[in-house]
Amino acid sequence: MARLKIKEILKNGETGSEVVAKGWVRTKRGSKNVNFIALNDGSTIHNLQVVVDVASFDEELLHKITTGAAIAVSGELVESAGSGQSVELNAKSIDLLGAADPEKYPIQPKKHSLEFLRENAHLRFRTNTFSAVFRIRHAMAFAIHKYFNEKGFNYLHTPIVTASDAEGAGQMFRVSTLDPKNPPLTEEGEVDYSQDFFGRATNLTVSGQLEGELGALALGEIYTFGPTFRAENSNTTRHLAEFWMIEPEMAFYDLKDNMDLAEEFLKYCIQYALDNCMDDLKFLADRLKQEEKNKPQDQRSMDLIEKLEFVLKNDFIRLPYTEAIDVLKNSKPYKKKKFQFPVDWGVDLQSEHERYLVEKHFKCPVILTDYPKDIKAFYMKQNDDGKTVGAMDVLFPGIGEIIGGSQREEDLEKLTTRMEEMDIPAEEMWWYLDTRRFGSVVHSGFGLGFERLMLFVTGMGNIRDVIAFPRAPKNAEF
RNA sequence: UCCCCAGUAGCUCAGUUGGUUAGAGCGGCGGACUGUUAAUCCGUAGGUCGUUGGUUCAAGUCCAACCUGGGGAGCCA
């Protein structure tokens, strides 16, 4: 008899048929005569109820079927005599595949804190919450590839190890095979990276954008989807040292095309989750609702599924930075001096300002555009006003910046002038500048933090709970 | 990195103005129970009070430093 996945059994299993299920025991309960095993194999949030007639099984075997143990059960699928599930499996035989000492197995049949599960990241997949999160994560990754494939984008693998440190996206992790205790030194006493593996200093990538542009200016539309590394000492619920980023880059796209793509893309992913992950989303939504009960009325947020549907239904607000400053200056918190940071044209918006715009004023995702050039990267398209650049940041409620992008400066002279102003060594970037020397065209792109999208779709509050093995300062245990 | 909070049983927490032998719920284990839904009922074991140092006759409790975790901020995606 072939093993069926529990998802399949619950969906298509015919009562009266013989089936084999394999999985991990969530709970076992019952009385002298009958035991009930909640069995989960990860294929779905739902458990299969296994009914065990105590008299027809070895007592020793039943004793070893504890929370966390792996078992194989064969038996007859029948209509459930109890409420709570439509079908259940009447066990004819049970094999103990792997026992789990109940005195030592950390995951107990009770509610655990997310903090505790984070410290048991190797086992947290076995909980409802994390199995739901990681099934959704898979679905989102798949949706991303599906979306871009359908749009005719090419998936480009940009390098993980890079010699470029010019983008200034953040602190980098050095990649080196030199002996850390006794590295070769130059005459000036500095570490001599010319003797290193690559013959120069290399780091883990902070962004695939610059290489992505090279691809776009030949293939037309490309996207990257891979790990990205930032050695910033950030300790927040929204940052990781290793995270996954999606970076599309498109030739012949101006800023508006870029925004249209970003909005359509986000909505596609959210729609995909609603179409394909409803069981898991419902579980997470209920879980959130339980948590919200402990919060005061005014701090409660919208139901998770309603929130996702809301984003789908509404156009994102598109607002130039300059107008956003006006909105903020006319806002109640500004007039009552409730903002901690100043609001003036030319300063970067702080979290509190973004939150006000998204969560209080517009109550809707917002795309802020045309930021002052001095607070943005060198490669952004310089607008005709001489003050702003064609940047766009997509701000989501509860998350803040989920996408950062721009139209890229395609004019060689403007670009090199800007690089000089910002002390970016043009000679090291010769390969990047070649795109502007040979057949340069209008092009645009953006970066989406995959885990931030995951935060939004799952409603989880901490970014370390939407990636399997989070890398953060002082934390690389698993 | 900065600000705030926390660290006591496997987990979640309580522990009074510093004072005898550190508690509860859940989980585990043993038992009871005719179909349970994170079952219920009875019983039971389980502790280097984050670490180091200090104050004191006496520290889980007060002080300092450090470590770890959480929330917020900055940096950003």
Side-chain angles (χ1 to χ4, degrees), chain A residues 25-38 40 46-55 63 66-68 78 80-85 88 90 100-120 127-128 167-171 206-209 224 227-247 262 290 340-341 348-352 354-355 375-377 393-396 399-405 446-456 461-467 472-475 477:
Chain A
V25 174
R26 286 293 172 76
T27 63
K28 188 178 77 171
R29 55 183 177 268
S31 61
K32 192 161 68 177
N33 300 323
V34 62
N35 278 184
F36 301 94
I37 299 167
N40 189 283
H46 301 297
N47 299 327
L48 176 66
Q49 171 152 288
V50 176
V51 185
V52 181
D53 176 23
V54 172
H63 188 72
T66 56
T67 298
V78 297
S80 180
S83 57
Q85 60 279 319
E88 60 192 20
N90 265 338
D101 182 347
E103 305 239 24
K104 290 179 183 149
Y105 183 58
I107 310 297
Q108 302 162 0
K110 56 171 287 190
K111 189 181 181 344
H112 284 295
S113 68
L114 294 174
E115 292 83 359
F116 172 74
L117 292 170
R118 219 169 281 151
E119 287 168 10
N120 289 277
T127 65
N128 286 331
E167 211 215 332
Q171 290 284 108
V206 293
S207 164
Q209 181 201 315
T224 72
T228 310
F229 307 87
R230 306 265 167 102
E232 300 287 353
N233 189 13
S234 336
N235 294 283
T236 80
T237 53
R238 300 181 307 281
H239 291 85
L240 290 164
E242 175 182 298
F243 63 101
W244 287 65
M245 191 150 64
I246 298 105
E247 295 179 288
Q290 292 294 322
Q340 199 190 328
F341 291 91
D348 209 353
L349 297 182
Q350 303 295 321
S351 279
E352 56 178 355
E354 295 180 351
R355 292 185 76 105
I375 58 173
K376 287 290 180 185
D393 285 0
V394 181
L395 310 179
F396 260 37
I399 312 286
E401 186 180 342
I402 195 167
I403 278 181
F446 61 80
L448 167 75
F450 185 46
E451 284 77 17
R452 294 211 176 152
L453 176 65
M454 282 296 299
L455 282 179
F456 186 76
N462 190 317
I463 201 160
R464 298 173 193 199
D465 294 334
V466 296
I467 186 166
K474 304 268 156 77
N475 191 344
E477 178 70 21

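Separating the CZ atom in A/Phe396 from the CG atom in A/Leu455 is a distance of 12.0 Å, to the nearest 0.5 Å. Atom CG of A/Asn120 sits about 12.0 Å away from atom CD of A/Glu115, to the nearest 0.5 Å.
Positionally, the nearest nucleotide of RNA chain B for A/Pro473 lies more toward the 5' end than for the other of A/Ser234 and A/Pro473. Each of A/His63 and A/Lys28 has a nearest nucleotide on RNA chain B; the 5'-most of these lies closest to A/His63.
Under the stacking definition used here (centres under 5.5 Å, planes under 30°), the residue A/Phe243 qualifies as stacked on the base of B/A77.
Atom CZ in A/Arg238 sits about 9 Å away from atom C1' in B/G72, given to the nearest Å. In this structure, A/Phe446 places its CZ atom 17 Å from C1' of B/C76, rounding to the nearest Å. Atom pair A/Lys32:NZ and B/C33:P shows a separation of 4 Å (rounding to whole Å applied). The interatomic distance linking A/Lys110 (NZ) with B/A38 (C1') rounds to 11 Å, in whole Å. To the nearest angstrom, P of B/A73 lies 11 Å from CD of A/Glu354. In this structure, the CD atom of A/Glu352 is 12 Å from the C1' atom of B/G72, given to the nearest Å. Here B/A38 presents its P atom at 13 Å from CZ of A/Phe36, a figure rounded to the nearest Å. Atom NZ in A/Lys104 sits roughly 13 Å away from atom P in B/C29 (whole-Å rounding).
If you check B/C29, B/A39, B/G74 against the side chain of A/Thr236, the one that comes closest is B/G74. The side chain of A/Val34 approaches B/G35 more closely than any other nucleotide in the set B/G35, B/G28, B/C29. For A/Lys111, the listed nucleotide lying nearest its side chain is B/A38; candidates were B/A38, B/A77, B/G35. The A/Gln108 side chain lies nearest to B/G10 when the options are B/A73, B/G10, B/G35. Listed candidates were B/C76, B/A77, B/G35. Nearest to the side chain of A/Asp348 is B/C76. Here the side chain of A/Gln49 is nearest to one of B/A77, B/G28, B/U37, namely B/U37. Listed nucleotides B/G74, B/G70, B/U37 differ in distance to A/Ser83; the shortest reach to its side chain belongs to B/U37. Comparing atom distances between the A/Leu240 side chain and each of B/A73, B/U34, B/A77 picks out B/A77 as nearest. Which of B/G71, B/G28, B/G35 sits closest to the side chain of A/Ser80 comes down to B/G35.
The residue A/Pro109 sits close to a base: some heavy atom pair falls under 4.0 Å. Among the protein residues, A/Leu453 comes within range of no part of the nucleic acid, since none of its heavy atoms lies under 4.0 Å from any strand. At the heavy-atom level, A/Gly82 lies under 4.0 Å from base atoms of the strands shown. Contacts of A/Glu247 with the nucleic acid, taken as non-hydrogen atoms under 4.0 Å apart, are absent. Contacts of A/Asn33 with the nucleic acid, taken as non-hydrogen atoms under 4.0 Å apart, involve only primed sugar atoms and P, OP1 or OP2.
No N or O donor and acceptor, one from the side chain of A/Asn35 and one from the base of B/U36, sit under 3.5 Å apart. A donor N or O paired with an acceptor N or O is not found under 3.5 Å between the base of B/C11 and the side-chain atoms of A/His112. You'll find a donor-acceptor pair under 3.5 Å spanning the side chain of A/Arg452 and the base of B/C76, going by distance alone. The base of B/G7 has none of its N or O atoms less than 3.5 Å from a complementary donor or acceptor on the side chain of A/Glu115.
Using a 4.0 Å cut-off, some side-chain N or O of A/Arg464 falls inside it from OP1 or OP2 of B/G70. Contact check, A/Ser31 against B/G35: a side-chain N or O comes under 4.0 Å of OP1 or OP2. Distances shown here put a side-chain N or O of A/Thr237 below 4.0 Å from the OP1 or OP2 atom of B/G72. Checking the phosphate oxygens (OP1, OP2) of B/G71, a side-chain nitrogen or oxygen of A/Asn462 falls inside 4.0 Å. In terms of phosphate contacts, A/Arg26 brings no side-chain nitrogen or oxygen within less than 4.0 Å of OP1 or OP2 of B/U37. A/Ser351 has a side-chain polar atom (N or O) that falls below the 4.0 Å cut-off from OP1 or OP2 of B/G74. Under 4.0 angstrom from either OP1 or OP2 of B/U36 there lies no side-chain N or O belonging to A/Arg29. The phosphate of B/U36 (OP1 or OP2) has no side-chain N or O of A/Gln85 nearer than 4.0 angstrom.
Looking only at distances, a side-chain donor or acceptor of A/Thr67 sits under 3.5 Å from a matching main-chain atom of A/Arg26. A side-chain donor-acceptor contact under 3.5 Å links A/Thr66 to the backbone of A/Ala100. Distance alone, capped at 3.5 Å, is enough to place a donor-acceptor pair between the A/Glu247 side chain and the A/Gly208 backbone.
Look at the C1' atom in both B/G7 and B/U12: the space between them is 13 Å, to the nearest Å. Comparing B/U52 with B/G43, their P atoms are spaced 38 Å from each other, to the whole Å.
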Practice problem: Under 3.5 Å for both distances, Watson-Crick or G-U wobble, that's the pair rule; now give the dot-bracket for RNA chain B, with | marking pairs to another strand and [ ] for crossing ones. | Solution: (((((((..((((.....[...)))).(((((.......))))).....(((((..]....))))))))))))....
Quiz item: Is there a side chain to side chain contact (heavy atoms under 4.5 Å, CB included) between A/Glu352 and A/Gln340 once you walk through the steps?
Solution: CA-CA 8 Å; A/Glu352 56 178 355; A/Gln340 199 190 328; 3.7 Å; yes
Quiz item: Going through the checks in order, is the side chain to side chain contact (heavy atoms under 4.5 Å, CB included) test met by A/Asp393 and A/Lys376?
Solution: CA-CA 11 Å; A/Asp393 285 0; A/Lys376 287 290 180 185; 3.1 Å; yes
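For A/Phe446, there are no ring-ring contact (aromatic ring centres under 6.0 Å, His included) partners two or more places apart in sequence or in a different chain.
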